[in-house]
J.: 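I'd like to ask some things about the structure below.
The chains referred to below are lettered A, B, ... by the order of the sequence lines, with proteins before strands, and numbering in each begins at 1.
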Protein chains: 2
Amino acid sequence: MPTKTVRTAKPAASAASEPTAPVAATAPRRAAERIRQTAGELFYREGIRAVGVEEIVHSAGVTKPSLYRSFPSKDELAAAYLRDFDAGFWRRFEAPAAEHPGDPRGHLLAYMEALARRAGRDGYRGCGLTNATIEYPDRNHPAHQVAAANKRALRERLTALCTAMGAADPAELADGLLLLLEGSYASSQTFGTGGPVRALVATATRLIDASLAAKPG
Amino acid sequence: MPTKTVRTAKPAASAASEPTAPVAATAPRRAAERIRQTAGELFYREGIRAVGVEEIVHSAGVTKPSLYRSFPSKDELAAAYLRDFDAGFWRRFEAPAAEHPGDPRGHLLAYMEALARRAGRDGYRGCGLTNATIEYPDRNHPAHQVAAANKRALRERLTALCTAMGAADPAELADGLLLLLEGSYASSQTFGTGGPVRALVATATRLIDASLAAKPG
DNA sequence: TGACAGTGTTACCGATCGGTACGTACCCTG
DNA sequence: CAGGGTACGTACCGATCGGTAACACTGTCA
């Protein structure tokens with residue numbers, strides 16, 4: 001019984017896996033998973049550089065060696081966080097498609113509506129991937145690479161959607177919409193509710209409609 | 001005899017102020033100024049958190065105490081850097097007004113054209129103020145406050161310009177344009193030349209024209 | 001029962017972080 | 001020449017950074 005500042009007694013909120021936990025409970029089960037989740041929350045909320053590994057392991061209720069058994073370095077942990085974020089992003093991005101089959105315009109606008117709602121909420125910190133490219137401008141950094149790959153994929157996806165909706169210049173419209181999205185991510189961190197993102201859907205709508213109406217060739 | 005890695009012998013490149021420097025030359029003249037300029041370049045290029053004070057003073061050819069005589073802390077030095085950036089921003093933003101008197105639309109589009117040109121160049125790292133809000137999400141941080149103030153002012157200035165150009169809903173148009181600007185700052189760091197910013201002017205033009213044409217009331 | 005994978009514990013590493021106490025060379029004023 | 005303020009450098013501080021070594025313990029599965 002070490003009993004040096006009872007750490008394990010604190011995280012009462014995360015009681016969801018063990019039913020009343022009768023056993024020894026020294027091992028909180030799945031250290032790597034807890035690290036990944038905790039690091040994700042901290043990295044997103046405070047920024048990657050601002051969070052030390054010590055804070056991560058403490059907050060996750062594990063120890064440093066456990067972290068380094070699962071991740072070769074903090075940089076790679078950051079990259080893992082961004083891969084998780086990437087997966088979550090695509091889930092959010094593609095989710096509205098189900099309600100708008102064969103309607104790329106509706107799909108896109110529905111995503112934007114949800115984004116505008118999310119961006120107004122407390123604790124919104126923009127896109128973790130965009131933030132990472134700013135925190136790590138070095139293109140060789142693993143975190144930067146994961147983030148950049150996501151952005152390239154998003155650009156392609158947007159172009160495909162714009163093509164599908166019959167835009168006169170799909171690439172240009174896609175880039176315009178990408179600017180709006182990135183602008184929403186960034187500006188919603190400075191302005192809280194009532195920020196520029198409130199104009200996102202209206203602006204995108206106007207832009208799409210104007211682009212569809214533009215005569216081709 | 002300390003002589004642990006001869007630092008002072010290295011910075012031979014910064015010879016630009018003293019003409020052949022016949023005198024003692026121990027003091028490179030105006031330490032505070034050199035610090036401010038060097039810190040500005042480093043902070044912008046690599047990010048504020050990524051740059052230590054040691055690197056700043058070494059790169060500026062001065063010493064740490066000199067830095068702390070002119071600036072109470074690194075955080076305040078960062079705030080000073082952002083105030084300089086703010087001044088530079090407004091210079092760039094208002095410069096095109098001279099060539100477009102009484103033409104807010106032309107003024108704004110000219111700024112965007114210049115921005116698109118700059119954003120394509122090597123070493124472009126977006127808006128230092130936006131980057132700072134991401135590096136320091138804490139609203140109480142001096143760097144965050146300077147940056148946030150700039151963004152609020154920009155939003156107001158854009159609204160004024162949109163009002164002047166007779167937009168049906170100036171606030172909405174201003175917010176849409178602000179999204180485009182912030183999106184340009186952010187995305188130009190991931191994508192080099194040929195990034196989404198190439199659509200900035202065309203998108204803004206389309207958006208402005210569509211907003212002017214919209215029937216009021 | 002025994003091997004094993006995964007974890008916690010403790011203690012530590014060198015490097016770097018932001019920041020400072022203190023001495024010194026200069027220049028301007030008397 | 002004396003004196004004092006200004007500007008600077010040398011050397012150092014404690015704290016924290018990311019990362020590691022060595023060992024004890026626990027539960028699972030064969």
Side-chain angles (χ1 to χ4, degrees), chain A residues 1-9 11 17-18 21-36 39 42-43 46-58 60-80 135-136 141-143, chain B residues 1-9 11 17-18 21-36 39 42-43 46-79 135-136 141-143:
Chain A
M1 207 156 137
T3 66
K4 244 289 195 61
T5 68
V6 269
R7 291 269 157 76
T8 48
S17 37
E18 56 267 335
V23 289
T26 347
R29 212 113 270 177
R30 288 269 154 277
E33 217 166 292
R34 296 173 53 104
I35 291 168
R36 198 155 177 152
L42 291 174
F43 282 161
E46 307 181 18
I48 298 173
R49 295 197 111 114
V51 176
V53 295
E54 207 118 24
E55 182 182 355
I56 294 171
V57 298
H58 170 239
V62 301
T63 57
K64 260 203 277 190
S66 284
L67 192 157
Y68 284 98
R69 273 177 214 123
S70 306
F71 305 92
S73 67
K74 185 197 173 184
D75 286 350
E76 286 302 329
L77 174 60
E135 284 201 274
Y136 296 96
H141 194 284
Chain B
M1 208 157 124
T3 65
K4 264 250 199 81
T5 69
V6 269
R7 290 268 158 75
T8 48
S17 37
E18 55 268 333
V23 291
T26 350
R29 213 112 271 177
R30 287 270 155 275
E33 217 166 292
R34 296 173 54 105
I35 290 168
R36 196 152 178 156
L42 291 174
F43 282 161
E46 306 180 19
I48 298 173
R49 294 198 113 113
V51 177
V53 295
E54 206 118 26
E55 183 182 354
I56 294 170
V57 298
H58 171 239
S59 177
V62 300
T63 57
K64 263 203 272 190
S66 285
L67 192 159
Y68 283 98
R69 266 174 229 121
S70 306
F71 305 93
S73 67
K74 185 199 174 182
D75 286 350
E76 286 302 329
L77 174 59
E135 284 201 274
Y136 295 95
H141 194 284

J.: Using a 4.0 Å heavy-atom cut-off to protein, can you give one letter per nucleotide of nucleotides 13-20 of chain D, 5' to 3': B if the base is in contact, S if only the sugar-phosphate is, - if neither?
T.: ----SBBB
J.: Compare all side-chain heavy atoms of A:Lys74 with those of A:Ile48 and state whether any distance is below 4.5 angstrom.
T.: yes
J.: Over how many whole Å does the gap from B:His58 atom NE2 to D:dG9 atom P extend?
T.: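 One finds 13 Å between P of D:dG9 and NE2 of B:His58, rounded.
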J.: Roughly how far, to the nearest 0.5 Å, is the NE2 atom of B:His141 from the CD atom of B:Glu135?
T.: 9.5 Å
J.: I need the B:Glu54 CD to B:Thr63 OG1 distance, nearest 0.5 Å.
T.: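 Spacing of CD (B:Glu54) from OG1 (B:Thr63) equals 11.0 Å.
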J.: Once you round it to whole Å, what is the distance between C1' of D:dC8 and CZ of B:Arg34?
T.: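 Whole-Å distance recorded here is 13 Å.
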J.: Go through the structure and list residues passing salt bridge (charged side-chain N to carboxylate O under 4.0 Å, His left out) with B:Arg49, not counting sequence neighbours.
T.: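 Not a single residue meets the salt bridge (charged side-chain N to carboxylate O under 4.0 Å, His left out) criterion with B:Arg49.
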J.: Establish, with yes or no, whether the OP1 or OP2 oxygen of C:dT9 is under 4.0 angstrom from a side-chain nitrogen or oxygen of A:Thr63.
T.: no
J.: How far does the helix from C:dT1-D:dA30 to C:dG30-D:dC1 bend, going by the axes of its first and last five pairs, to the nearest 10°?
T.: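 About 0° separates the two local helix axes.
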J.: Per the atom types in the model, does the base of D:dG9 pair as donor or acceptor with the side chain of B:Arg69 at under 3.5 Å?
T.: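 Such a pair is found, so the answer is yes.
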J.: Please report, rounded to the nearest Å, how far the P atom of C:dT9 is from the CG atom of A:Leu67.
T.: 15 Å
J.: Could you give the distance from CZ (A:Arg30) to OG (A:Ser66), rounded to the nearest 0.5 Å?
T.: 12.0 Å
J.: So do the side chains of B:Val62 and B:Val57 get within less than 4.5 Å of each other, counting heavy atoms only?
T.: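 Touching, per the 4.5 Å side-chain cut-off.
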J.: I'd like to check B:Ile56 versus B:Leu77 (side-chain heavy atoms, cut-off strictly below 4.5 Å). Are they in contact?
T.: yes
J.: Rounded to the nearest 0.5 Å, how far does NE2 of B:His58 lie from CG of B:Leu42?
T.: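 Those atoms lie 11.0 Å apart.
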